[in-house]
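The structure under discussion appears below in the form of structure tokens.
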4 protein chains.
Amino acid sequence: MIVTVASFKGGQAKTTTAIHLAALLNAHKPTLLVDGDPNRSATSWNRRKGFPFKVVDEKQAVRFSREFEHIVIDTQARPTEEDLRELAAGCDVLIVPLTPDAMSLDTLFLLTDTLKKGNAEAKLKILLTIVPPKPSRDGEEVLATLAEAKLPTFKTVIRRYKAFQKAALEGVLVNEIDSPYAEEAWSDYVNVSKELLS
Amino acid sequence: MIVTVASFKGGQAKTTTAIHLAALLNAHKPTLLVDGDPNRSATSWNRRKGFPFKVVDEKQAVRFSREFEHIVIDTQARPTEEDLRELAAGCDVLIVPLTPDAMSLDTLFLLTDTLKKGNAEAKLKILLTIVPPKPSRDGEEVLATLAEAKLPTFKTVIRRYKAFQKAALEGVLVNEIDSPYAEEAWSDYVNVSKELLS
Amino acid sequence: MIVTVASFKGGQAKTTTAIHLAALLNAHKPTLLVDGDPNRSATSWNRRKGFPFKVVDEKQAVRFSREFEHIVIDTQARPTEEDLRELAAGCDVLIVPLTPDAMSLDTLFLLTDTLKKGNAEAKLKILLTIVPPKPSRDGEEVLATLAEAKLPTFKTVIRRYKAFQKAALEGVLVNEIDSPYAEEAWSDYVNVSKELLS
Amino acid sequence: MIVTVASFKGGQAKTTTAIHLAALLNAHKPTLLVDGDPNRSATSWNRRKGFPFKVVDEKQAVRFSREFEHIVIDTQARPTEEDLRELAAGCDVLIVPLTPDAMSLDTLFLLTDTLKKGNAEAKLKILLTIVPPKPSRDGEEVLATLAEAKLPTFKTVIRRYKAFQKAALEGVLVNEIDSPYAEEAWSDYVNVSKELLS
DNA sequence: TGAGTTAGAATGGCACCACCCGTC
DNA sequence: GACGGGTGGTGCCATTCTAACTCA
């Protein structure tokens, strides 16, 4: 399965999502993470401690792709319309991480419109990330808005936990973090990977 | 005074910062906000209610620039190195909003390195945004890191408040929001503007 | 269906009624709102956020009228007698919003007399608006007075809620307002639209 | 003293204000109320029981004006710009009643702009009317907005009382109404008249 | 006196850091 | 003495409750 993670806007936990999904898919079948972000965030994250899966540059992707069952592609922050359609064409699932706020939602609709023009929306699946804790209903509200717009979403949402930041800082996956909420954080991506593989 | 707001990464409250500083500088002297972001976030924000200051497109900037005492420029999300140096050369203060997390900090250093290559770091001033509430010490820690790296920062930081999201949603400044923390949110930018004008 | 909203007196929630009916009719079939008020209240209201239905100026009305199933016309505050008869002739239903107080009732009778002179009272339907809360029986009393005068009224009345003011202020429909009574306020117009369509 | 009561919008308690001020000024010196409203609201109000002061039609105004110390003029609901400037020129004080809501405030600014064009704003004085009871802060907020816009206002505001409606219905002044709040309602206009005469 | 609307105050839940105290 | 787990306290936010006021 080829999973592409893309978004029109930075700060949506795109790299975090790509890395954790790669790790979870890797537990299932050999998985390759392709770092297509010009900031090379995933590569530098990997460099600190090393992940249990292989991380390669965009240019090396073709060379390795045959050897792996799953491929997760972390794309650049703001792809052009053409890029986006090509990305969608070249994958099985296009995951778009989205934080629950109005401005992100606006840019999401730009993205989905672009996909619809290319008849490429079939592979789209939106993942809510950095969802604030429960007295806030931002997560539920955005899910409702997306359901109304007939856009496919993961039922699982990724909650806002300090553990994710710590993981990025230390260059490890969130389940290796020493924090009371690391397990909760990890379980969110576990549930997403279950949805993905089912 | 010409104030440019720029960052290498999205989701750092760049547009929010540009708009609120424009509003506060405008209370001092006539101020123009130049919307250089290709998403035209500031322009669309302005369209809903209308701000007390003028907002123009990048292309119209030159025409209006003579009529205003202060100019605030909201730049695109990821300027090229060359763009960045030109932006720095064309302003009095280059404000870089920064959220206190490791990945944002990494991209900030890319930006400051670029500035140093062009000997343009003199105008740089970093503003911490979306800082989590107080039991967290993220804000202080990042401020300390920046101080150690001899990077100039605003002493004031912008805290994370729901009121900012609501303001973006309704297309108004945060002080018009009906929320118990709207006043606190507004006071943060007031303090930044004081630092800026002193 | 062409619905005209008119009154001899300001402050009767005429624009609020026109906008909410347009929204509710639009949920049924494509609807156009014609802003005939010289203050352009509906147009400026629409400008802030944008309604799900089209709003046009009086002069453009003819051009668009063919494309829509329903047309709601918001007229000027105090039409001349001749204007009023022409408005009545050019619509299917003439809705007159009315607040339950003696002075408004007086001006209403001026209006109905004018209609009777032109044999145009058949299309008239009166809508009570800004009705005070229940210990007050103003609404029922005025409804009784109108029934006695053989004037057709909506059984539903629009109650007085702060949410309507907030909606006007933010330029949105009342159901988007964050207020405990927003749902009640919205349901009033929902019931009116049901009466209108049955 | 010649007092003109005018507004751009109906439903602002214009006639109620004119009648009560005429009554209170009449207690001071002989006062004439000129009914310039085409609805003849004041005249019909007077017809029921009779006021202690004289009420005349606009056309008869000139004839009687010499005999009275104070003249209160109740004008039509939406004067043209030219009318308004003439009204302002022909009086000592131009009272504009205003209800505390956003739409009324918008039309008020249209009116004040018109006055400023004719350099006639010196006589302007705004009176807040139909102010909701105390948990609501609408009155204070609008007063603050007007103070910010440097528009002169009465310190006293007229609160929203059922007694005013009852007075209009029965054709009497509010102090003759049998209601626990009639005294409060009356005292509001008493305080306005004190401000006016001082 | 009681009903109804409204704004402000109080409550409870959640994430997070810091402190405390026991154990190795 | 260092480490580790549990506890308390802080801050934000949504909801619920309360107080104020009008009015039958």
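Convention: sequence-line order gives letters A, B, ...; per-chain numbering from 1. This one's a predicted model, so the numbers in the text were calculated from it and none came from an experiment.
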Can you name the salt bridge (charged side-chain N to carboxylate O under 4.0 Å, His left out) partners of [X], sequence neighbours left out?
{"X": "C:E184", "value": "C:R159"}
{"X": "C:D178", "value": "none"}
{"X": "A:K166", "value": "none"}
{"X": "C:E141", "value": "none"}

How would you list, by chain and number, every residue that makes a side chain to side chain donor-acceptor pair (under 3.5 Å) with [X], sequence neighbours excluded?
{"X": "D:R137", "result": "none"}
{"X": "B:T99", "result": "B:Q12, B:D101, B:S104"}
{"X": "C:T15", "result": "C:D74"}

Between [X] and [Y], is there a donor-acceptor pair closer than 3.5 Å when you use the side chain of the first and the backbone of the second?
{"X": "A:E195", "Y": "A:K155", "answer": "yes"}
{"X": "C:Q165", "Y": "D:A102", "answer": "no"}
{"X": "A:H20", "Y": "A:L173", "answer": "no"}
{"X": "D:R160", "Y": "D:T129", "answer": "no"}

Cut-off 3.5 Å, side chains only: do C:Y189 and C:T17 have a donor facing an acceptor?
yes

Can you give me the bend angle of the helix from E:dT1-F:dA24 to E:dC24-F:dG1? Use the axis through the first five pairs and the one through the last five, nearest 10 degrees.
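Axis-to-axis angle, ends of the helix: 40°.
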
I need the residues from residues 133-148 of chain A with at least one non-hydrogen atom less than 4.0 Å from DNA chain E; give them sorted by number, or say none.
A:P133, A:K134, A:P135

Extract, from 5' to 3' on DNA chain F, the first and final nucleotides lying under 4.0 angstrom from some heavy atom of chain A.
F:dC13 to F:dT15

Any chance you could measure C:D138, atom CG, to C:I130, atom CD1, to the nearest 0.5 Å?
12.5 Å

What's the spacing between B:T145 OG1 and B:L151 CG if we round to 0.5 Å?
10.0 Å

Which parts of residues 158-190 of chain C get close to DNA chain F, meaning a heavy atom less than 4.0 angstrom away?
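Those residues: none at all.
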
Identify the 5'-most and 3'-most nucleotides of DNA chain E with at least one atom closer than 4.0 Å to a non-hydrogen atom of chain D.
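Listed 5' to 3', the contact boundaries are E:dT6 to E:dG8.
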
Relative to each other, are the rings of A:Y181 and A:Y161 parallel, tilted or perpendicular (30° and 60° limits)?
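Ring orientation of A:Y181 relative to A:Y161: parallel.
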
